[in-house]
**Q** 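Right, I'll just put the structure down here and ask away after.
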Amino acid sequence: MEYIPAKTILSGYREQKDWFGCHYNMNLYRGCCHGCIYCDSRSECYQIEDFDQVRAKENALNTLERELRARRRTGIIHTGSMSDPYNPFEKTECLTQGALEKIARHGFGVVIATKSDLVVRDIPLLQRIQKFSPVAVHITITAAQDAVAEKVEPSAPSSSRRFAALRALSDAGITAGVLLMPVLPWITDDPANIREIVKQSALSGAKYLYNGGKRMFGLTMRDRQREYFYARLDERYPGLCARYKKTYGLDYGCNSPLAGLLWEEYVKACRENGVEYRMSQIISIIRKNYEEPQLSLL
């Protein structure tokens, strides 16, 4: 494990009304070794070289401790937006586990995004935080079938393991949900795949799913990310790369040709299975039983 210098761990405070109601962002690692062929974090704007090599931030927990003490406002911390906090190295490095211990001690809430079932290891810590602050874990699931997930997310835990992790979290009383994004045109944009993910998520105890909204049934692509994605397409789906290039060119937003139909199927499936899909209502679920003054004032 290579350690890299880091001046800060927590972002500045923001009153978020559109991303799970979080106030801070936290990344303890840089890079990810799950090998997802579509990952936006490969893009040049994030300035992460050799993205597949995971690096830990030097003195991360000491820096986080100092920053938590200095914050005048408590709030909800989101982690997992740039690199998975439960990458395989977390088994031994335990940075995310150590961060949760500090979050619990200082009275903050936490929302975690991951593709790994390693998160179940920290259920006792999440339960401890949830006694006084909001907690939610959403697990990214793009394909209902393990065989498809293995092609597009080759080094991540299988979809079936992720559904099992949702069940473990839910059974432990942790608010759990699913990020159904991105949706890959001509690979995972099958209405049957969308319906099955919603169904299995609900059966696994998920309270919500989120896909980015009505106009986001697709993926985004830019610079290095596009190059990597197209190279992997050629390996795994011969001929599909040419179809992408013809359809999308250098477009940033690459919605599925079936986006309208998929949205209708998605909303219908969520309603039939009793899971929420609207961000405003998801935030209400996460914050339920917690008064706003507890989140914003020490």
Side-chain angles (χ1 to χ4, degrees), residues 10-26 64 67-69 71-81 85-86 96-114 117 119-141 162-180 198 201-213 267 270-298:
L10 279 186
S11 67
Y13 182 94
R14 291 184 62 188
E15 186 58 56
Q16 286 279 10
K17 299 184 183 300
D18 60 350
W19 194 251
F20 302 98
C22 296
H23 305 95
Y24 298 98
N25 194 50
M26 175 183 73
L64 178 62
E67 291 180 326
L68 290 173
R69 286 182 177 180
R71 291 296 189 266
R72 297 186 64 184
R73 294 182 175 185
T74 56
I76 304 172
I77 298 171
H78 188 274
T79 186
S81 58
Y86 287 98
T96 300
Q97 185 177 62
L100 292 178
E101 291 173 348
K102 294 182 183 300
I103 287 169
R105 190 181 313 126
H106 289 279
F108 287 71
V110 67
V111 172
I112 297 170
T114 183
D117 54 351
V119 65
V120 303
R121 177 200 66 185
D122 292 338
I123 283 176
L125 275 170
L126 297 173
Q127 291 173 320
R128 181 176 154 198
I129 296 170
Q130 194 165 251
K131 289 180 180 179
F132 50 78
S133 293
V135 170
V137 177
H138 34 253
I139 297 179
T140 298
I141 301 176
R162 291 181 236 174
F163 283 125
L166 280 173
R167 170 48 62 195
L169 289 161
S170 181
D171 286 349
I174 304 300
T175 300
V178 168
L179 289 181
L180 203 171
V198 175
S201 298
L203 290 173
S204 300
K207 296 292 190 297
Y208 61 85
L209 288 94
Y210 188 66
N211 85 308
V267 171
C270 286
R271 290 174 175 171
E272 289 177 347
N273 287 277
V275 292
E276 188 52 68
Y277 62 93
R278 297 163 295 180
M279 180 56 77
S280 60
Q281 296 304 308
I282 292 171
I283 293 172
S284 295
I285 290 171
I286 293 172
R287 292 189 173 187
K288 186 179 180 181
N289 300 325
Y290 299 96
E291 297 297 326
E292 186 63 28
Q294 291 178 304
L295 300 178
S296 58
L297 299 174
L298 283 173

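Residue indices begin at 1 and follow the sequence shown.
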**Q** Side chains of Gln97 and Arg121: does their closest heavy-atom pair fall under 4.5 Å?
**A** yes
**Q** Apply the test side chain to side chain contact (heavy atoms under 4.5 Å, CB included) to residues Met26 and Ile103: give CA-CA distance (whole Å), side-chain angles for both, the deciding distance (0.1 Å), then the verdict.
**A** CA-CA 11 Å; Met26 175 183 73; Ile103 287 169; 4.2 Å; yes
**Q** Working to the nearest 0.5 Å, report the span between CD1 of Ile174 and CG of Leu125.
**A** 10.0 Å
**Q** I'd like to know whether the aromatic ring centres of Tyr277 and Tyr208 sit less than 6.0 Å apart in this structure.
**A** no
**Q** Would you say Ile123 and Leu169 make side-chain contact, with heavy atoms under 4.5 Å?
**A** yes
**Q** Hey, what do you get for CG (Leu179) to OG1 (Thr140), rounding to the nearest 0.5 Å?
**A**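 With rounding to 0.5 Å, CG (Leu179) is 4.5 Å from OG1 (Thr140).
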**Q** Say you draw a straight line from CD1 of Ile77 to CG of Leu100; how long is it, rounded to the nearest 0.5 Å?
**A**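 Between Ile77 CD1 and Leu100 CG, I get 9.0 Å after rounding to 0.5 Å.
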**Q** Taking Asn25's backbone N and O only, do any of them form a donor-acceptor pair with His78's side chain (distance below 3.5 Å, no angle check)?
**A** no
**Q** Between Pro85 and Ala113, which heavy-atom pair has the shortest distance, and what is it?
**A**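 Smallest interatomic distance, heavy atoms only, reads CD-O, 3.3 Å.
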**Q** Quick check: closest heavy atoms across Ser170 and Ser204, and the distance to 0.1 Å?
**A** CB-O, 3.9 Å
**Q** Report yes or no: do Thr96 and Asp122 form a side-chain donor-acceptor pair below 3.5 Å?
**A** no
**Q** Looking at every heavy atom in both Pro134 and Arg287, which two are closest together, and how far apart are they?
**A**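 Answer, listing the atom of Pro134 first, then Arg287: CG-CA, 4.4 Å.
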**Q** Look at the side chain of Glu276 and the backbone N and O of Ser284, then say whether any donor-acceptor pair between them is shorter than 3.5 Å.
**A** no
**Q** Search all heavy atoms of Gly173 against all heavy atoms of Gln130 and return the closest pair with its distance.
**A**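 Heavy atoms only, the tightest pair is O-NE2, 2.7 Å.
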**Q** Under 30°, 30 to 60°, or over 60°: which ring-plane class applies to Phe20 and Tyr210, parallel, tilted or perpendicular?
**A**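 Ring orientation of Phe20 relative to Tyr210: perpendicular.
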**Q** Is a side-chain N or O of Gln127 found less than 3.5 angstrom from the main chain of Ala172, in a donor-acceptor match?
**A**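 Yes, Gln127 side chain to Ala172 backbone: donor-acceptor pair under 3.5 Å.
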**Q** Mind checking whether His106 and Thr74 have side chains closer than 4.5 Å, heavy atoms only?
**A** no
**Q** Do you know the tightest heavy-atom contact between Leu126 and Val110?
**A** CD2-CG1, 4.1 Å
**Q** Going from OG on Ser201 to CG on Asn273, what distance comes out if it is rounded to the nearest 0.5 angstrom?
**A** 9.0 Å
**Q** Rounded to the nearest 0.5 Å, how far apart are CZ of Arg105 and CD1 of Ile129?
**A** 11.0 Å
**Q** Could you check Asp117, Thr79, Val119 and say which one makes a side-chain contact (heavy atoms from CB on, under 4.5 Å) with Tyr86?
**A** Val119
**Q** Taking all non-hydrogen atoms of both residues, which atom of Val275 and which atom of Leu209 are closest, and how far apart?
**A**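 Here Val275 and Leu209 meet closest at CG2-CD1, 3.4 Å.
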**Q** With a 4.5 Å heavy-atom cut-off, do Lys288 and Ile285 have their side chains touching?
**A** no
**Q** For the atom pair NZ (Lys102) and CD (Glu67), what is the distance rounded to the nearest 0.5 Å?
**A**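 Answer for the NZ-CD pair, Lys102 versus Glu67, is 12.0 Å.
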